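Taking it in order: structure first as structure tokens, then the write-up.
Proteins get letters first, then strands, A, B, ... in listed order; numbering begins at 1 in each. If you're wondering where the values come from, they're calculated on a predicted model, not measured in any experiment.
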Amino acid sequence: MMAGTATMRFGPILPRSFYERGTVEVARGLLGKLLVHGGAAGIIVETEAYLGSGDRAAHSAVGLTPRTRVIFGPPGHAYVYLIYGMYHCLNLVAEPDGTPGCVLLRALHPVSGLEEMRGRRARSAGDLASGPGRLTRAMGITRAHNGADVTRGRLVVREPAQAHPVEIAVTARIGIRRSADLPLRFLLAGGR
DNA sequence: GGTAGGATGGGCT
DNA sequence: GCCCATCCTACCC
């Protein structure tokens with residue numbers, strides 16, 4: 001018989017109303033939740049908020065273009081883009097429809113589908129899903145998921161099996177030049 | 001322990 | 001043509 005972890009049940013899928021809030025609230029609220037893609041799942045332990053106004057690091061700062069269309073669309077959808085020609089980054093869209101804002105998922109603590117996740121990484125160096133590029137590779141997320149509704153379907157965010165109080169650390173965001181001093185990176189304490 | 005540079009392609013000016 | 005919301009390897013203390 002298959003491993004018991006494969007049938008582990010999680011809590012309910014986060015509803016669209018979860019995402020239809022301010023981007024910072026969503027970025028903080030996602031910590032401790034479960035990102036699930038098929039049989040692979042991990043606890044979200046690091047996020048960054050990219051704001052619709054006053055944030056020159058956000059892709060949406062250039063305005064509405066074919067690329068940024070999803071960020072301006074309805075909340076609870078995935079915004080996935082290719083960075084440096086080889087890595088994908090996964091964001092979840094926040095704010096009401098028409099207002100830009102999204103949350104970059106930077107790290108997971110894997111809890112299910114570990115072999116599946118390892119299998120996607122050529123030669124593992126570093127943590128399995130720590131870092132936005134590693135996270136998408138381990139979870140099998142590509143640009144094919146751009147625009148996907150994460151409140152239904154194969155790629156979703158769920159409540160954990162049992163919630164526990166979370167302590168959140170706040171720092172500046174990683175790897176950006178513009179608006180680099182804004183305190184918009186959120187980490188689950190002990191999640192690094 | 002640390003840092004520097006290359007891989008590699010799409011989006012925007 | 002330049003700029004990346006990165007990662008990995010090589011090399012140097």
Side-chain angles (χ1 to χ4, degrees), chain A residues 19 22-31 33 35 37 40 42-73 75-95 99-110 114 116-148 150 155 157 168-188 191-192:
Chain A
Y19 302 96
T23 307
V24 169
E25 289 178 78
V26 175
R28 298 181 69 105
L30 282 169
L31 294 176
K33 301 298 194 277
L35 180 68
H37 185 217
I43 298 170
I44 298 168
V45 297
E46 182 181 347
T47 63
E48 284 179 356
Y50 286 87
L51 309 181
S53 65
D55 182 0
R56 290 174 301 140
H59 289 178
S60 56
V62 300
L64 184 55
T65 67
R67 181 203 206 188
T68 62
R69 178 180 52 82
V70 175
I71 309 173
F72 285 79
H77 289 255
Y79 166 54
V80 184
Y81 66 94
L82 184 69
I83 187 71
Y84 297 111
M86 15 177 152
Y87 299 102
H88 298 277
C89 289
L90 170 65
N91 296 251
L92 301 180
V93 176
E95 308 280 348
T99 303
C102 63
V103 176
L104 172 67
L105 302 190
R106 288 191 60 89
L108 300 180
H109 177 63
L114 276 285
E116 186 181 332
M117 293 169 78
R118 284 194 198 95
R120 295 192 182 105
R121 309 231 15 220
R123 291 172 304 175
S124 67
D127 289 340
L128 200 49
S130 178
R134 294 175 184 165
L135 182 156
T136 53
R137 194 183 306 183
M139 293 293 286
I141 293 164
T142 69
R143 272 179 300 171
H145 295 90
N146 190 43
V150 297
L155 177 64
V157 182
I168 299 175
V170 184
T171 77
R173 293 172 295 182
I174 303 292
I176 56 170
R177 281 185 348 168
R178 293 170 297 176
S179 298
D181 50 351
L182 300 179
L184 294 175
R185 175 172 176 247
F186 307 97
L187 301 121
L188 210 49
R192 173 169 271 269

- Message: Test side-chain contact (heavy atoms from CB on, under 4.5 Å) on A/Tyr50 and A/Asp55; report intermediate values, then the result.
- Response: CA-CA 7 Å; A/Tyr50 286 87; A/Asp55 182 0; 4.0 Å; yes

- Task: Report yes or no: is the cationic atom of A/Arg67 (NZ for Lys, CZ for Arg) closer than 6.0 Å to the six-membered ring centre of A/Tyr79, at no more than 45° off its axis?
- Result: no

- Query: How would you give the extent of chain A contacts on DNA chain B, as first and last nucleotide 5' to 3' within a 4.0 Å heavy-atom cut-off?
  - Reply: B/dA7 to B/dC12

- Query: Could you state the CZ-P distance from A/Arg134 to C/dC7, rounded to the nearest angstrom?
  - Reply: 6 Å

- Query: Base, sugar-phosphate, or nothing for A/Gly133, non-hydrogen atoms under 4.0 angstrom?
  - Reply: sugar-phosphate

- Message: Counting the atoms with a prime plus P, OP1 and OP2 as sugar-phosphate, which does A/Arg67 contact under 4.0 Å by heavy atoms, base, sugar-phosphate, or nothing?
- Response: sugar-phosphate

- Task: Check step by step if side-chain contact (heavy atoms from CB on, under 4.5 Å) holds for A/Leu35 and A/Met139.
- Result: CA-CA 9 Å; A/Leu35 180 68; A/Met139 293 293 286; 4.0 Å; yes

- Item | Under-4.0 Å side-chain N/O to phosphate OP1/OP2 contact, A/Arg106 with C/dT6 | yes

- Which whole-number value in Å describes the distance from A/Leu82 CG to C/dA5 C1'? 13 Å

- Item | Carboxylate-amine/guanidinium contact A/Arg173 A/Asp181, below 4.0 Å | no

- Query: How many Å lie between CZ on A/Arg178 and P on C/dC3, as a whole number?
  - Reply: 11 Å

- side-chain contact (heavy atoms from CB on, under 4.5 Å) between A/Tyr87 and A/Thr136, worked out: CA-CA 8 Å; A/Tyr87 299 102; A/Thr136 53; 5.6 Å; no

- Considering just the side-chain nitrogens and oxygens of A/Arg177, establish if one lies under 4.0 Å of OP1 or OP2 belonging to C/dC4. yes

- Is the aromatic ring centre of A/Tyr87 closer than 5.5 Å to the centre of the six-membered base ring of C/dT6, with the two planes inclined by less than 30°? no

- Query: Could you give the CG-to-P distance, from A/Leu135 to C/dT6, as a whole number of Å?
  - Reply: 13 Å

- Message: Tell me the interatomic distance from A/Glu48, atom CD, to C/dT6, atom C1', rounded to whole angstroms.
- Response: 12 Å

- Message: When you measure from the side chain of A/Thr68 to the backbone of A/Thr65, do you find a donor-acceptor pair of N or O atoms at a distance under 3.5 Å?
- Response: yes

- Applying the 3.5 Å cut-off to both distances, the Watson-Crick or G-U partner of B/dG6 turns out to be C/dC7

- Message: Over all strands shown, is A/Arg56 touching base, sugar-phosphate only, or nothing at heavy-atom distances under 4.0 angstrom?
- Response: nothing

- Task: For the residue pair A/His145 and A/His37, confirm or rule out a side-chain donor-acceptor distance under 3.5 Å.
- Result: yes

- Starting at CG of A/Leu104 and ending at C1' of C/dC4, how long is that distance when rounded to a whole Å? 14 Å

